[in-house]
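Note sheet for the following structure.
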Amino acid sequence: MASLIQKIARQARKTFKNCASPPIGENSKVFLENQAKLRNLLHEIRAEDLNIAPRKLDPSPISVPHNPPVTYMHICETGAFSMGVFLLKGGSSIPLHDHPEMNGMLKVLYGKVSISCFDKLDNPSDAASEVQFNPPVLPYQKDALRRSILRSVGEYTEHSGPCILTPKKDNLHQINAVDGPAAFLDILAPPYDQDDGRDCHYYKVLQNGDEKLEAGEQKEMWLLEIPQPSDFWCGAEPYPGPQVTL
């Protein structure tokens with residue numbers, strides 16, 4: 001009998017098989033039906049299904065290159081999607097970043113994470129000049145400003161359903177480990193590919209995004225595109241779970 005992660009991989013391939021040839025038809029009946037099947041499978045997955053034991057709080061300091069704040073277990077990759085597990089040490093985070101023209105699904109395996117999701121908006125002419133940033137934005141940074149909507153801030157555990165992003169909705173997000181280490185299964189479709197215009201970009205919030213949102217409330221704010229933060233890097237470790245073949 002196929003393992004649960006094998007079933008997830010097969011359903012991901014079926015769901016996102018036309019992902020590399022946009023438009024994917026995000027609102028098409030077939031896509032939504034396949035996405036729902038994939039979401040249901042992801043809801044079932046647990047750390048033990050991948051032979052991953054929840055980590056304990058590691059008191060040793062983050063250091064280069066031996067003790068990164070985040071590590072990644074690669075499971076599989078095709079032209080349609082990639083899948084793996086991110087493991088976050090207690091107190092660490094994956095900084096605010098985007099997924100250009102990509103779909104994604106994130107399912108927590110253990111621990112708790114807080115996810116802040118943003119959408120990019122079109123920048124109206126000279127809109128940034130009307131905003132008083134603190135500290136002020138320097139002239140050379142003007143072209144790196146991005147107008148956005150903070151759509152949601154929520155906490156996820158292994159009992160939560162998956163967090164879903166699309167090319168237009170919740171495409172930017174920051175993931176923080178809450179109250180200790182955490183891990184999540186991650187599916188991106190299609191995978192990052194710098195040569196095909198799908199490179200990862202990092203952002204800094206210029207207006208306060210920490211306040212709690214009321215149900216249905218959205219908050220407009222500005223982001224500044226920045227280099228990868230110096231205190232974030234991702235190490236690698238072997239995937240110990242059932243083999244996936246496609």
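The first residue of the sequence shown is numbered 1, and numbering continues consecutively from there.
For the atom pair CZ of F118 and CG of L223, the computed distance is 5.5 Å after rounding to the nearest 0.5 Å. To the nearest 0.5 angstrom, E77 atom CD is 9.5 Å from L188 atom CG. In this structure, CG in N51 is found 8.5 Å from CG in D49, a value given to the nearest 0.5 Å. Note that the CZ atom of R151 and the NE2 atom of H173 stand 14.0 Å from one another [nearest 0.5 Å]. Once rounded to the nearest 0.5 Å, the distance linking CD of E155 with SG of C163 reads 13.0 Å. Between S160 atom OG and F184 atom CZ the span is 13.5 Å, to the nearest 0.5 Å.
Classified by interplanar angle (parallel below 30°, tilted 30° to 60°, perpendicular above 60°), the ring pair Y202/H97 is tilted.
Across all non-hydrogen atoms, the minimal contact from F31 to T15 is CD1-O, 3.6 Å. Scanning both residues, C117 and D170, for their nearest heavy atoms gives CB-OD1, 3.4 Å. Residues G79 and P190 come closest through the heavy atom pair O-CB, 3.8 Å. The minimum heavy-atom distance linking P240 with L50 is given by the pair CG-O, 3.6 Å. N171 and P100 get closest at one heavy-atom pair: OD1-N, 4.1 Å. Here the shortest heavy-atom pairing between S92 and V70 reads OG-CG2, 4.3 Å.
Contact of the L87 side chain with the Y110 side chain is registered, since non-hydrogen atoms from C-beta on lie closer than 4.5 Å. No side-chain heavy atom of Q174 sits under 4.5 Å from any side-chain heavy atom of I115. Proximity of I8 to V244: side-chain heavy atoms (C-beta onward) are nowhere separated by under 4.5 Å. Put simply, the side chain of L185 reaches to within 4.5 Å of the side chain of M83, judged on heavy atoms. Considering only heavy atoms from C-beta on, L42 comes within 4.5 Å of L38 through its side chain. By the 4.5 Å heavy-atom criterion applied to side chains, P69 and K89 are not counted as neighbours. Contact check for K107 versus R46: side-chain heavy atoms found under the 4.5 Å cut-off. V205 is not listed as a side-chain neighbour of W222, based on a closest heavy-atom distance of 4.5 Å or more.
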Residue pair L106, I175: steps toward the side chain to side chain contact (heavy atoms under 4.5 Å, CB included) verdict:
CA-CA 10 Å; L106 178 165; I175 306 165; 3.5 Å; yes
Apply the test side chain to side chain contact (heavy atoms under 4.5 Å, CB included) to residues C234 and F86: give CA-CA distance (whole Å), side-chain angles for both, the deciding distance (0.1 Å), then the verdict.
CA-CA 9 Å; C234 188; F86 282 96; 4.0 Å; yes
Audit row: K17, F81, side chain to side chain contact (heavy atoms under 4.5 Å, CB included) steps and yes/no:
CA-CA 8 Å; K17 61 183 178 180; F81 77 99; over 6 Å; no
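Although no hydrogens or angles enter the test, the distance criterion places no donor-acceptor pair under 3.5 Å between the side chain of Q6 and the main chain of R10. H74 places no side-chain N or O within 3.5 Å of a backbone atom of Y72 that could act as its donor or acceptor partner. Under a 3.5 Å cut-off, the side chain of R146 and the backbone N or O of L224 do not form any donor-acceptor pair. In this structure a side-chain-to-backbone donor-acceptor pair under 3.5 Å is missing from N103 to T166. Under the 3.5 Å distance criterion, the side-chain polar atoms of Q141 are matched with a main-chain donor or acceptor of L138. Between the side chain of E220 and the main chain of R147, no donor-acceptor pair closer than 3.5 Å is present. For the pair Y156 (side chain) and H159 (backbone), a donor-acceptor distance under 3.5 Å is absent. Side chain of D186 to main chain of G84: no donor-acceptor pair is present (N/O by atom type, distance under 3.5 Å, no hydrogens or angles).
A salt bridge is absent between E101 and R198: the closest approach of a Lys/Arg side-chain nitrogen to an acidic carboxylate oxygen does not fall below 4.0 angstrom. With respect to the salt-bridge test (charged N to carboxylate O, under 4.0 angstrom), the residues E237 and R55 qualify.
If you chain together hydrophobic residues whose side chains sit under 4.5 Å apart, M221 and V153 fall into the same group. Cluster annotation: L109 and L4 are assigned to the same hydrophobic cluster (Ile/Leu/Val/Met/Phe/Trp/Tyr, side-chain heavy-atom contacts under 4.5 Å, transitive). Grouping the Ile, Leu, Val, Met, Phe, Trp and Tyr side chains by contacts below 4.5 angstrom, directly or via other members, places V137 apart from L121. By the rule that hydrophobic residues join a cluster once side-chain heavy atoms approach within less than 4.5 Å of another member, L165 and V113 end up as members of separate clusters. In terms of hydrophobic clustering, with Ile, Leu, Val, Met, Phe, Trp and Tyr side chains grouped at heavy-atom distances under 4.5 Å, I164 and F16 are assigned to a common cluster.
A donor and an acceptor atom, one from each side chain of D98 and Y203, are located under 3.5 Å apart.
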